[in-house]
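Worksheet: the structure to be examined is printed underneath.
It should be emphasised that the depicted structure is a prediction, and the values quoted were computed from it without experimental measurement. Throughout, protein chains are lettered first and strands after them, A, B, ... in sequence-line order, and every chain is numbered starting at 1. Just the heavy atoms: all of them, side chains too, but no hydrogens, waters or symmetry mates, feed the values below.
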Protein chains: 2
Amino acid sequence: MPKQVDYEERRRRIAEAVCVLAGDHGPEGVGLRDVAARARVSLGAVQRCFRSKEEMLLFAVGHVGERVLERVRAGEADGGDRPGRGGSAAAVLERAVTEVALLRAEHRSEARIWLAFVARAAVSPPLAEALRSSYAALEELFVRLVAEAATEAAHAEGRAAGSAAAHRREARALIALADGLTGHVVLGHLTEEEAGSTLRSQLAALRERLGGSAPSAGVPDCRT
Amino acid sequence: MPKQVDYEERRRRIAEAVCVLAGDHGPEGVGLRDVAARARVSLGAVQRCFRSKEEMLLFAVGHVGERVLERVRAGEADGGDRPGRGGSAAAVLERAVTEVALLRAEHRSEARIWLAFVARAAVSPPLAEALRSSYAALEELFVRLVAEAATEAAHAEGRAAGSAAAHRREARALIALADGLTGHVVLGHLTEEEAGSTLRSQLAALRERLGGSAPSAGVPDCRT
DNA sequence: CTTTATTCGATACGACTGTATCGAATACGA
DNA sequence: TCGTATTCGATACAGTCGTATCGAATAAAG
């Protein structure tokens with residue numbers, strides 16, 4: 001038998017290279033040769049790892065999606081384990097949506113890649129399918145977070161939490177808002193701070209809503 | 001002199017062809033030859049109209065942006081002229097944001113194009129500049145609409161309208177929400193109806209917020 | 001050591017791409 | 001009517017793309 005290689009590790013490394021290049025030139029702008037050079041492997045190696053370019057891009061977008069979802073879950077665990085500390089359900093939700101929005105400069109590259117892949121998905125059905133499953137998982141996670149925040153708020157004020165349908169609508173709105181803000185920051189229409197402020201103000205409004213009909217005098221509204 | 005042609009008309013026709021093709025294969029996927037064939041002109045004619053492909057794409061995205069903004073303004077005029085009818089400021093705002101979200105199936109192509117161009121703008125600075133100016137205009141328009149809706153609601157309840165900064169934040173959130181929903185519909189993660197419902201429920205929440213701190217018992221919440 | 005299955009890097013190929021060039025056709029000004 | 005400036009469509013060109021192919025190198029099995 002020939003020299004045995006760790007294909008998984010290699011695929012990951014190639015995916016990493018794809019991400020870097022796709023962030024700089026868009027998914028269509030990356031060539032297999034550039035990827036190979038960036039990943040320090042030969043063109044043939046790339047070809048043996050992925051049957052086609054499309055398959056490579058598919059793997060790469062899954063890679064990014066997993067990383068983001070992983071960070072979201074990590075933030076959930078940090079705040080959710082000790083529900084008495086500063087990590088209330090509302091705080092966990094805020095951290096999650098901030099993570100998804102990819103506002104921080106260090107994640108700007110991921111934001112560009114994600115945006116580019118979403119756009120390309122409008123053309124490539126298999127890519128669309130991959131992204132749909134990512135969003136489906138994200139939505140379920142957010143529905144749960146919203147519901148938890150709602151019961152928390154409702155319990156504090158002695159009211160009933162909203163319906164599951166309402167929670168789902170709020171979750172969808174949050175994800176869409178985060179995605180939209182991501183695009184606006186990548187575009188340069190909004191700065192990182194402006195987008196963050198917008199996001200936080202909407203979260204504050206959501207908290208008020210979830211608490212029941214009581215307007216709640218002292219909600220900390222974030223000015224900017 | 002040679003046969004004189006209407007360049008403006010030709011550029012528009014070419015831009016139309018670019019839009020159709022870019023909607024199907026993405027902006028990178030359109031070739032000058034395909035554009036020429038679609039617009040029923042020769043390759044040379046396209047080259048004479050636009051110095052380069054980039055310039056052509058720039059013109060095309062401006063074309064789309066103008067069409068959308070035009071529709072938004074048209075909806076504004078329809079509802080704003082008679083502020084006693086069903087066209088309250090809030091209704092005008094709703095129509096505007098719905099138009100921007102490009103949810104209707106007949107505008108799906110425009111939605112795909114816009115998404116693709118936003119993604120490409122992350123790579124092409126001149127394209128980003130063009131889109132930024134489009135968003136800047138859109139934001140000013142929405143700030144105005146939100147402010148009008150706020151004064152309307154505040155007057156009805158005898159309270160003071162919010163600050164200009166608050167209105168701007170709401171406007172930005174609305175645009176981002178609309179953009180995010182556009183993407184989710186194009187992707188197939190949400191149906192047109194789901195996105196519309198999400199949008200309307202957020203608008204209802206915004207109306208409550210703008211009315212002052214009174215929770216207002218009978219706001220028509222739209223279930224889905 | 002020999003055999004054999006597998007991976008290696010390189011190179012070849014055909015199909016595009018955007019751009020440049022060019023002679024013919026055209027229609028106005030003199 | 002002649003001259004000329006301009007537009008026309010076609011073709012040439014250099015480059016890149018993704019993919020296919022191929023002999024050499026490699027390492028486990030017999």
Completion exercise
Taken to the nearest whole Å, OH/A/Tyr7 to C1'/C/dT7 is 6 Å
Practice task
Say whether A/Glu16 and A/His63, considering side chains only, have a donor N or O and an acceptor N or O under 3.5 Å apart.
Solution key: yes
Fill in the blank from the handout: A/Met56 atom CE is separated from D/dC17 atom C1', nearest whole Å, by 12 Å
Exercise for the section: Please determine, for the side chain of B/Asp34, which listed nucleotide (C/dT19, C/dT17, D/dT19) has the closest atom? Expected result: C/dT17
Practice task
Indicate yes or no: does B/Arg207 engage B/Glu94 in a salt bridge with an N to O separation below 4.0 Å.
Solution key: yes
Problem - Spacing between A/Arg51 atom CZ and D/dA20 atom P, to the nearest angstrom - result: 11 Å
Handout entry: Distance in angstrom units between A/Leu21 CG and D/dT16 P, rounded
Key = 16 Å
Exercise for the section: Walk me through it: do B/Arg120 and B/Leu57 pass the test side-chain contact (heavy atoms from CB on, under 4.5 Å)? Expected result: CA-CA 10 Å; B/Arg120 188 186 162 93; B/Leu57 293 178; 3.9 Å; yes
Completion exercise
Per the under-4.0 Å heavy-atom filter, residues of residues 114-125 of chain A near DNA chain C come out as none
Practice task
Whole angstrom is fine here: how far is it from NZ in A/Lys53 over to P in D/dT16?
Solution key: 14 Å
Problem - Between B/Glu139 and A/His189, a side-chain donor and acceptor under 3.5 Å - result: yes
Exercise for the section: Select base, sugar-phosphate, or nothing to describe what A/Val35 touches, counting heavy atoms under 4.0 Å on all strands. Expected result: nothing
Problem - Cation-aromatic face contact A/Arg11/A/Phe59, 6.0 Å, 45 degrees - result: yes
Problem - Non-hydrogen side-chain atoms of B/Val46 and B/Arg33 separated by less than 4.5 Å - result: no
Exercise for the section: Decide, yes or no, whether a salt bridge links A/Arg95 with A/Glu76 under the criterion of side-chain N to carboxylate O below 4.0 Å. Expected result: no
Are there any protein N/O atoms within less than 3.5 Å of an N/O atom in nucleotides 9-14 of chain C, and if so, which ones and at what distance?
| unit_1 | atom_1 | unit_2 | atom_2 | d |
| --- | --- | --- | --- | --- |
| C/dG9 | OP2 | A/Ser42 | OG | 2.5 |

Problem - Divergence of helical axes at both termini of the helix from C/dC1-D/dG30 to C/dA30-D/dT1 - five pairs an end, 10° steps - result: 10°
Exercise for the section: Look at all strands and tell whether A/Phe50 reaches a base, only sugar-phosphate, or nothing, counting heavy atoms closer than 4.0 Å. Expected result: nothing
Exercise for the section: Output yes when B/Glu129 and B/Arg132 qualify as a salt bridge under the 4.0 Å nitrogen-oxygen rule, no when they do not. Expected result: yes
Problem - Of the listed nucleotides C/dC8, C/dG18, D/dC17, the one nearest the side chain of B/Leu32 - result: C/dG18
Practice task
Could you tell me whether A/Glu66 and A/Arg73 make a salt bridge, using a distance below 4.0 angstrom between a side-chain N and a carboxylate O?
Solution key: no
Handout entry: Salt bridge A/Glu194-B/Arg168, side-chain N to carboxylate O under 4.0 Å
Key = no
Exercise for the section: Evaluate the criterion side-chain contact (heavy atoms from CB on, under 4.5 Å) for residue pair B/Asp24 and A/Val123; output intermediate values, then yes/no. Expected result: CA-CA 6 Å; B/Asp24 287 350; A/Val123 176; over 6 Å; no
